[in-house]
Amino acid sequence: MSCDRSLPDPHHSADRGPIFYGRRHGKKLRQRGQTLMQDLLPRLALSEPGGGGLDPFTLFPRPVNAVWLEVGFGGGEHLAAQAEANPDIGFIGGEAFVNGIASLLNHVDRRGLDNVRIYPGDVRHLFPWLPEGCLEKAFVLFPDPWPKKRHAERRFVIRGNLDALAHLMRDGAELRVASDDPTYIDWAIDQLSTHPDFVPARPIGECRRRPADWPPTRYEAKAIAQGRSPAYLPFIRRRREDGAK
């Protein structure tokens, strides 16, 4: 894919903003899930502000030392585990799949987490409202691989989305990407390694080893059980004065 920043972003429509590809609904929620969506989600959900920007540090009931973002949190296992292990960090999770949102709400409720906020939709719509350099860490874990060549432009790890994340991440912040799809792994390594704002946090050859502070997910366990070997790709946001955007 060309690195020309002037090219149109295939994930963006001038009229509607980013275009979402994927499921929004699965099986009918059980009663508990319906109750959580009705009672808990309104207290945790973020919406695009009516005017001005959004200060993510003010979203939580107590001060937080940093803000981390998970793009497409799936069932929420990873986000909830990170939030529980890091109570002084504020977490924003974006997910459009209703059943996944209900699953995270269940984790939040059962663990009594107060440092999680949810964007119930394509979180890229929230990006323009967040200030530059506000994120200390971002996660893109096991996104839809869109394996067919004609669908490659639908993958999340593309130049335009990486540009947006780089803008939101502070200098030295970490971006963690994971996948169990061989085509997507090669694609992500290429997109990240050639992006001027990111450098590998460790040798690419070590990508099959999951870091100790990287909680596993239900999807990851399923992939391993089926014989697929995930890759864990941590990248660091370059310092802006070093020539990065």
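- The closest donor-acceptor contact from the side chain of Arg32 to the backbone of Leu36 lies at 3.5 Å or more, if one exists at all.
- Annotation: salt bridge (Lys or Arg N to Asp or Glu O under 4.0 Å) contacts of Glu70 (sequence neighbours excluded): none.
- Between Val177 and Ala188, the shortest heavy-atom distance links the atoms CG1-CB, 4.3 Å.
- Using modelled atom types, no side-chain atom of Arg117 and backbone atom of Leu46 make a donor-acceptor pair closer than 3.5 Å.
- Closest approach of Ile158 and Glu153 over heavy atoms only: CD1-O, 3.9 Å.
- No side-chain donor-acceptor contact under 3.5 Å links Arg218 to the backbone of Glu77.
- Here Phe198 contributes atom CZ and Leu192 contributes atom CG; the two are 7.0 Å apart, rounded to the nearest 0.5 Å.
- A salt bridge does not link Arg228 to Asp181: none of the charged nitrogens lies less than 4.0 Å from a carboxylate oxygen.
- Asp39 is linked by a salt bridge (Lys or Arg N to Asp or Glu O under 4.0 Å) to nothing, counting only residues two or more places apart in sequence or in another chain.
- When each of Phe156, Tyr184, Tyr219 is tested with Phe142 by the rule ring pair (Phe, Tyr, Trp, His ring centres under 6.0 Å), just one qualifies, namely Tyr219.
- Scanning all heavy atoms of the two residues, the minimum distance from Gln34 to Lys28 falls at NE2-CE, 3.7 Å.
- In this structure Glu174 satisfies the salt bridge (Lys or Arg N to Asp or Glu O under 4.0 Å) test together with Lys137, Arg176, sequence neighbours excluded.
- Atom CZ of Arg238 is separated from atom CD1 of Ile236 by 11.5 Å, given to the nearest 0.5 angstrom.
- To the nearest 0.5 Å, atoms CG (Leu233) and SG (Cys207) are separated by 5.5 Å.
- Note that CG of Leu69 is 7.0 Å distant from CG of Leu165, once rounded to the nearest 0.5 Å.
- Across all their heavy atoms, Pro56 and Phe60 have their closest contact at O-CE1, 3.3 Å.
- Note that CG of Leu41 and OG1 of Thr35 are 12.5 Å apart. Values are rounded to the nearest 0.5 Å.
- Qualifying side chain to side chain contact (heavy atoms under 4.5 Å, CB included) partners for Pro63, counting only residues two or more places apart in sequence or in other chains: none.
- Here the closest heavy-atom approach between residue Tyr232 and residue Ala178 is recorded as CD2-CB, 4.3 Å.
- Without hydrogens or angle criteria, Glu132 side chain to Leu168 main chain gives no donor-acceptor distance under 3.5 Å.
- Note that CG of Leu59 is 12.0 Å distant from CG of Asn115, once rounded to the nearest 0.5 Å.
- Every residue two or more places apart in sequence or in another chain that forms a salt bridge (Lys or Arg N to Asp or Glu O under 4.0 Å) with Asp171 is listed here: Arg240.
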Exercise. Starting from the C-alpha separation in whole Å, work towards a yes-or-no answer on side chain to side chain donor-acceptor pair (under 3.5 Å) for Asp197 and His167.
Key: CA-CA 9 Å; Asp197 295 339; His167 176 76; over 6 Å; no
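- For His78 and Phe139, the distance between ring centers is under 6.0 angstrom.
- A distance-only check finds a donor-acceptor pair linking the side chain of Trp187 to the backbone of Val157 [under 3.5 Å].
- Residue-environment remark: CZ (Arg30) stays at or below the threshold of 12 foreign heavy atoms within 6.0 Å.
- Side chain of Ser193 to backbone of Asp190: no donor-acceptor contact under 3.5 angstrom is found.
- The residues Arg210 and Glu220 are annotated as salt-bridged, a charged nitrogen and a carboxylate oxygen being separated by less than 4.0 angstrom.
- Of the possible donor and acceptor atoms, one in the side chain of Arg237 sits under 3.5 Å from a partner among the backbone N and O of Ala166.
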Return all side-chain donor-acceptor pairs below 3.5 angstrom for residues 83-93, not counting sequence neighbours, or 'none' if the list is empty.
unit_1, atom_1, unit_2, atom_2, d
Glu84, OE1, Arg111, NH1, 2.9
Asn86, ND2, Gln82, O, 2.9
Asn86, ND2, Gln82, OE1, 3.2

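- In this structure, Leu141 and Trp214 approach most closely via the heavy-atom pair CD2-CZ2, 3.4 Å.
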